[in-house]
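Note sheet for the following structure.
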Number of protein chains: 2
Amino acid sequence: MSGLTIATWNINSVRLRAAQVAAFAQEASPDVICLQEIKCQEDQFPYKAFVEMGYPHAHVTGQKGMHGVATVSRLPIEPLEMQPVCSREEARAQRVRIEGIEIQNYYIPAGGDEPDPETNPRFAHKLDFVERLEAYVRERAKEEADIVAVGDFNIAPHENDVWSHKQLLSVVSHTPVETEGLERVRAAGDFIDVARALHPEEEKIFTWWSYRNRDWRKSNRGRRLDHIWVTPSLRVPALSSGRAAFTVWDHTRDWEKPSDHAPVTLRLKV
Amino acid sequence: MSGLTIATWNINSVRLRAAQVAAFAQEASPDVICLQEIKCQEDQFPYKAFVEMGYPHAHVTGQKGMHGVATVSRLPIEPLEMQPVCSREEARAQRVRIEGIEIQNYYIPAGGDEPDPETNPRFAHKLDFVERLEAYVRERAKEEADIVAVGDFNIAPHENDVWSHKQLLSVVSHTPVETEGLERVRAAGDFIDVARALHPEEEKIFTWWSYRNRDWRKSNRGRRLDHIWVTPSLRVPALSSGRAAFTVWDHTRDWEKPSDHAPVTLRLKV
DNA sequence: GGCATACGCG
DNA sequence: CGCGTATGCC
């Protein structure tokens with residue numbers, strides 16, 4: 001086969017937006033879709049809708065009402081055990097193997113409002129999650145597996161991953177303690193941040209725009225919270241076809257009742 | 001002019017269904033629409049939508065979240081004082097004058113589950129409302145005004161106003177204490193029940209179907225809860241054109257996210 | 001701003 | 001079943 005396209009999308013309720021996933025799948029034609037914030041239990045997942053749109057294989061890690069991740073695929077999925085990266089019992093991480101490639105799907109905690117782990121337990125939880133993830137990634141790096149790690153990381157690591165670096169330095173998602181923590185995770189696995197490997201640091205790239213900005217495109221106060229990382233072993237398949245390999249499908253943000261996140265895709269040449 | 005068409009519709013949230021009212025108005029072309037269960041305060045009423053669909057005149061009696069009645073009109077409205085028919089401070093009744101005809105718009109309490117005023121305060125409130133309405137109607141009858149009284153009365157008075165007379169005799173909306181009370185109201189004003197003046201007692205007529213029956217038309221477990229009454233002075237304008245004067249627009253129940261009530265119209269020849 | 005939850009009500 | 005209400009979370 002000529003390629004494998006992997007999408008990641010924080011869908012903010014998969015039951016409400018299965019039809020939007022179908023519309024996106026129709027145009028982007030991903031082989032694998034990693035979803036975050038499915039906001040349902042396994043038995044509430046709209047499997048039928050995914051079968052109908054061409055994704056008969058699914059691995060769903062859900063819980064009641066909040067969080068939840070799922071990976072759906074055209075090709076058979078081998079579900080893999082996930083280490084307890086999350087200290088709370090929350091459905092935030094899963095991994096599968098498809099066509100010999102390991103795909104890790106993460107929904108890192110948002111972290112609440114105040115960027116102070118002493119006063120804000122959610123921020124403490126976020127930092128803890130990132131630290132555990134670093135340890136996990138470091139341990140796994142010994143295997144030298146082909147890994148694509150994707151998801152809503154809820155951290156915008158670089159200056160041009162937010163609409164205003166200065167104004168967001170003390171805003172959760174872009175504080176130094178978060179961006180440095182995420183960089184340690186990346187370095188622990190020697191991961192390539194595909195978006196930044198293909199686009200210069202000076203170029204603004206966003207994948208999320210708050211619901212609270214009513215003209216999201218005009219004000220463009222976005223952040224790059226959704227990421228696709230690959231292990232060095234996948235450098236050539238991921239990067240050799242150039243910028244066309246990586247796409248943020250931001251027009252979905254104009255749809256009726258959209259998710260606040262846009263889907264992101266990587267075309268792997270394999 | 002050749003006629004005045006008056007509609008009544010329990011809309012079950014006017015903010016959610018302003019577009020459905022527009023679609024109904026387009027086909028039924030009523031001059032006046034009396035709404036019940038608007039479920040909003042006056043300042044939340046979608047006046048603009050009604051102006052755009054040709055009803056620039058409105059009299060809104062609302063409250064937060066529940067109940068609420070409104071009358072909208074193509075022709076100028078003269079709001080009239082409403083006596084305190086409701087012992088609680090609930091937005092359940094209003095009256096207006098349009099083209100010299102008084103229009104009374106009622107939302108009689110539903111009455112809860114148990115048809116026992118001793119144990120169920122909502123049923124007691126319903127009976128109290130009906131009793132007060134009887135007194136009001138009797139008092140007003142002396143004036144011999146031209147009155148059209150409409151609304152969701154939450155009572156199905158006759159055997160063929162419910163899908164099963166026997167099975168509903170002890171179900172709130174069709175118990176003898178309710179149907180007899182409503183009959184006393186009607187008699188107090190010498191009102192003509194237009195639906196039954198035009199259709200024989202043997203014919204089933206329904207205006208409401210529970211949301212809980214998923215195939216409402218097939219099971220057809222309806223009730224006639226919505227009524228149009230006229231004073232004897234309006235007998236000829238109301239009845240002389242025959243059955244075409246009165247319509248239950250039950251196809252609205254097939255629309256997406258419908259109200260559980262269908263709109264009902266009376267064409268007055270004036 | 002929008003999506004879950006649970007509740008009261010019809 | 002499907003409206004409102006409220007609260008939590010992102």
Side-chain angles (χ1 to χ4, degrees), chain A residues 10-17 20 36-41 44 62-68 88 90-92 107-114 120-123 125-126 152-155 171-173 208-216 219 221 223 225-226 253 255-261, chain B residues 10-17 20 36-41 44 62-68 88 90-92 107-114 120-123 125-126 152-155 171-173 208-216 219 221 223 225-226 253 255-261:
Chain A
N10 178 317
I11 195 62
N12 190 15
S13 176
V14 71
R15 285 176 292 177
L16 217 60
R17 297 203 171 82
Q20 292 193 31
Q36 303 86 37
E37 281 208 87
I38 60 170
K39 290 188 170 176
C40 67
Q41 297 166 336
Q44 301 172 314
Q63 69 177 77
K64 192 177 176 185
M66 282 188 332
H67 320 313
R88 303 184 186 183
E90 294 173 336
R92 295 186 174 276
Y107 174 53
I108 295 181
D113 283 334
E114 284 194 13
N120 175 3
R122 289 208 205 101
F123 195 70
H125 179 221
K126 182 177 195 172
D152 175 4
F153 294 180
N154 267 315
I155 296 172
V171 171
V172 171
S173 73
W208 173 88
W209 295 262
S210 170
Y211 283 124
R212 300 177 204 194
N213 294 325
R214 56 193 159 84
D215 195 340
W216 72 276
S219 60
R221 297 193 167 189
R223 305 181 199 170
L225 303 180
D226 303 276
R253 194 64 179 71
W255 290 354
E256 283 284 296
K257 293 230 160 217
S259 167
D260 45 352
H261 294 253
Chain B
N10 179 318
I11 195 61
N12 190 15
S13 175
V14 72
R15 286 177 291 179
L16 216 61
R17 299 202 170 83
Q20 292 194 32
Q36 303 86 38
E37 282 208 86
I38 60 171
K39 291 190 170 174
C40 67
Q41 297 166 334
Q44 301 172 313
Q63 69 178 76
K64 191 178 175 185
M66 280 187 335
H67 320 314
R88 303 184 187 181
E90 295 173 336
R92 293 185 175 276
Y107 175 54
I108 295 181
D113 283 335
E114 285 195 12
N120 174 4
R122 290 208 203 102
F123 195 70
H125 179 222
K126 182 176 196 173
D152 176 3
F153 293 0
N154 268 315
I155 297 171
V171 171
V172 172
S173 73
W208 173 89
W209 295 262
S210 169
Y211 282 125
R212 299 177 205 194
N213 295 324
R214 58 192 162 84
D215 195 340
W216 71 276
S219 60
R221 298 193 166 189
R223 305 181 199 169
L225 303 180
D226 303 275
R253 194 64 178 71
W255 290 355
E256 282 286 296
K257 291 227 159 219
S259 168
D260 45 352
H261 294 253

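A, B, ... follow the sequence lines: proteins, then strands. Residue 1 opens every chain.
In this model, the phosphate group of C:dG10 is approached by a side-chain N or O of B:Arg122 to a distance below 4.0 Å at OP1 or OP2. The phosphate of D:dC3 (OP1 or OP2) has a side-chain N or O of B:Arg17 nearer than 4.0 angstrom. The side chain of B:Lys126 contributes no N or O atom lying less than 4.0 Å from OP1 or OP2 of C:dC9. Taking 4.0 angstrom as the limit, A:Arg214 places none of its side-chain polar atoms (N or O) nearer than this to OP1 or OP2 of C:dG1.
When the nucleotides D:dC3, C:dC3, D:dC10 are ranked by their closest atom to the side chain of A:Asn12, C:dC3 comes out on top. With distances taken from any side-chain atom of B:Arg15 to the nucleotides D:dG4, C:dC9, C:dC3, the minimum falls on D:dG4. Looking at the side chain of A:Leu16, the nearest of the listed nucleotides C:dG10, C:dA4, D:dA6 is C:dA4.
The only option from B:His261, B:Arg17, B:Gln36, B:Lys257 that meets the side chain to side chain contact (heavy atoms under 4.5 Å, CB included) definition with B:Asn12 turns out to be B:Arg17. No option in B:Asn154, B:Asp152, B:Asp260 other than B:Asp152 meets the side chain to side chain donor-acceptor pair (under 3.5 Å) test with B:Asn10.
Atom pair B:Gln63:CD and D:dT5:C1' shows a separation of 13 Å (rounding to whole Å applied). Across the protein-nucleic acid pair, A:Lys39 atom NZ and D:dC10 atom C1' stand 7 Å apart, rounded to whole Å.
Within a 6.0 Å sphere centred on CD of B:Gln41, other residues, nucleotides and ligands contribute more than 12 heavy atoms.
In this structure, A:Ser210 and A:Arg221 have side chains that are not in contact, with every pair of non-hydrogen atoms separated by 4.5 Å or more.
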